[in-house]
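One structure is given here, and the rest of the page talks about it.
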Amino acid sequence: MGVDVVLYRAVGAGSGRRRVVPAEVLPDPDDVLLDLVRRVRGAGRTPLLDRMDPVGELAVPAAQVPQLLAEVRCLAEVARSTPEMTHVRLLDRLVRRCRQERAMEVRFEGD
């Protein structure tokens with residue numbers, strides 16, 4: 001029951017409807033992200049990640065990426081094992097990619 005992180009890109013031109021398509025996925029089959037978020041939840045340092053729902057979806061637009069990057073650093077502080085540190089590093093890379101391309105958003109998708 002992990003929370004996958006999906007980087008979406010908005011596509012569409014002109015005044016027509018834009019849609020989003022997945023550009024990159026960071027799966028979480030072993031609940032690594034969920035466990036990390038549980039360790040930091042409620043301390044007041046991760047308001048975006050505190051809203052993450054293991055059975056729902058949380059969309060973070062590119063405009064909020066600077067805040068999300070700060071919260072990812074909080075996850076890095078509590079990461080203990082190699083799989084946790086690796087997951088945080090991959091999450092940081094995915095979020096930074098969103099910051100570089102403004103037509104993107106990050107979604108945390110629960111099972």
Side-chain angles (χ1 to χ4, degrees):
M1 197 169 123
V3 176
D4 297 339
V5 183
V6 185
L7 182 65
Y8 282 92
R9 172 180 287 118
V11 294
S15 61
R17 294 185 110 155
R18 294 175 60 161
R19 61 186 178 96
V20 292
V21 296
E24 186 176 346
V25 178
L26 175 58
D28 186 26
D30 298 319
D31 295 344
V32 173
L33 178 60
L34 194 55
D35 291 341
L36 288 166
V37 170
R38 284 182 179 143
R39 281 187 223 152
V40 298
R41 180 171 273 147
R45 297 177 61 204
T46 55
L48 284 174
L49 292 175
D50 285 357
R51 294 187 352 236
M52 192 176 76
D53 181 356
V55 295
E57 181 178 283
L58 171 65
V60 179
Q64 289 184 300
V65 163
Q67 179 180 345
L68 183 56
L69 283 170
E71 295 184 23
V72 169
R73 285 191 294 275
C74 293
L75 296 180
E77 292 172 7
V78 299
R80 300 178 188 136
S81 66
T82 300
E84 289 176 346
M85 290 182 276
T86 299
H87 200 84
V88 170
R89 188 176 66 251
L90 293 172
L91 176 59
D92 183 78
R93 184 182 59 80
L94 186 143
V95 172
R96 287 181 188 281
R97 184 172 169 205
C98 181
R99 181 178 67 179
Q100 293 170 347
E101 300 181 40
R102 297 306 247 178
M104 294 190 148
E105 70 180 21
V106 176
R107 291 187 190 172
F108 295 87
E109 299 179 348
D111 293 334

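Along the sequence shown, residues are numbered consecutively beginning with 1. Reckoned from all heavy atoms, side chains included, excluding hydrogens, waters and symmetry mates.
Summarising the geometry of Arg9 relative to Ala23, their closest heavy-atom pair is NH1-CB, 3.9 Å, with the distance given to 0.1 Å. Nearest approach of Pro66 to Ala63, heavy atoms of both residues: CD-O, 3.7 Å. Counting all heavy atoms, side chain and backbone alike, Pro27 lies closest to His87 at O-CE1, 3.3 Å.
Grouped with Val20 in one hydrophobic cluster are Val6, Tyr8, Val25, the linkage being side-chain heavy-atom contacts under 4.5 Å among Ile, Leu, Val, Met, Phe, Trp and Tyr residues.
Proximity of Thr46 to Val37: side-chain heavy atoms (C-beta onward) are nowhere separated by under 4.5 Å. Two residues are said to be in side-chain contact when any heavy atoms from C-beta on lie closer than 4.5 Å; Val106 and Val5 meet this criterion. Residues Phe108 and Leu33 are in side-chain contact: their nearest non-hydrogen atoms beyond the backbone lie under 4.5 Å apart.
Judged purely by atom type and a 3.5 angstrom limit, Gln67 has no side-chain atom pairing as donor or acceptor with the backbone of Gln64. Counting only distance, with no hydrogens or angles, the side chain of Arg41 and the backbone of Asp50 share a donor-acceptor pair below 3.5 Å. In this structure, Asp4 contributes its side chain and Asp28 its backbone to a donor-acceptor pair below 3.5 Å.
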If you look only at distance, which donor and acceptor atoms sit under 3.5 Å apart when one is on a side chain in residues 72-79 and the other is two or more places apart or in another chain?
{"from": "Glu77", "atom 1": "OE1", "to": "Arg45", "atom 2": "NH1", "distance (Å)": "3.0"}
{"from": "Glu77", "atom 1": "OE1", "to": "Arg45", "atom 2": "NH2", "distance (Å)": "3.1"}
{"from": "Glu77", "atom 1": "OE2", "to": "Arg45", "atom 2": "NH2", "distance (Å)": "3.2"}

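Salt bridge annotation for Arg38-Asp35: present, with a cationic side-chain nitrogen under 4.0 angstrom from a carboxylate oxygen.
Between the CE atom of Met85 and the CZ atom of Arg89 there is a distance of 9.0 Å, given to the nearest 0.5 Å. The line from CG of Leu58 to CZ of Arg51 is 5.0 Å long, rounded to the nearest 0.5 Å. To the nearest 0.5 Å, atom CD of residue Glu84 and atom CZ of residue Arg39 are 4.0 Å apart. Put simply, CG on Leu69 and SG on Cys98 are 9.0 Å apart, with the number rounded to the nearest 0.5 Å.
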Leu49 and Leu68: CA distance, side-chain angles, deciding distance, side chain to side chain contact (heavy atoms under 4.5 Å, CB included) verdict
CA-CA 8 Å; Leu49 292 175; Leu68 183 56; 4.0 Å; yes
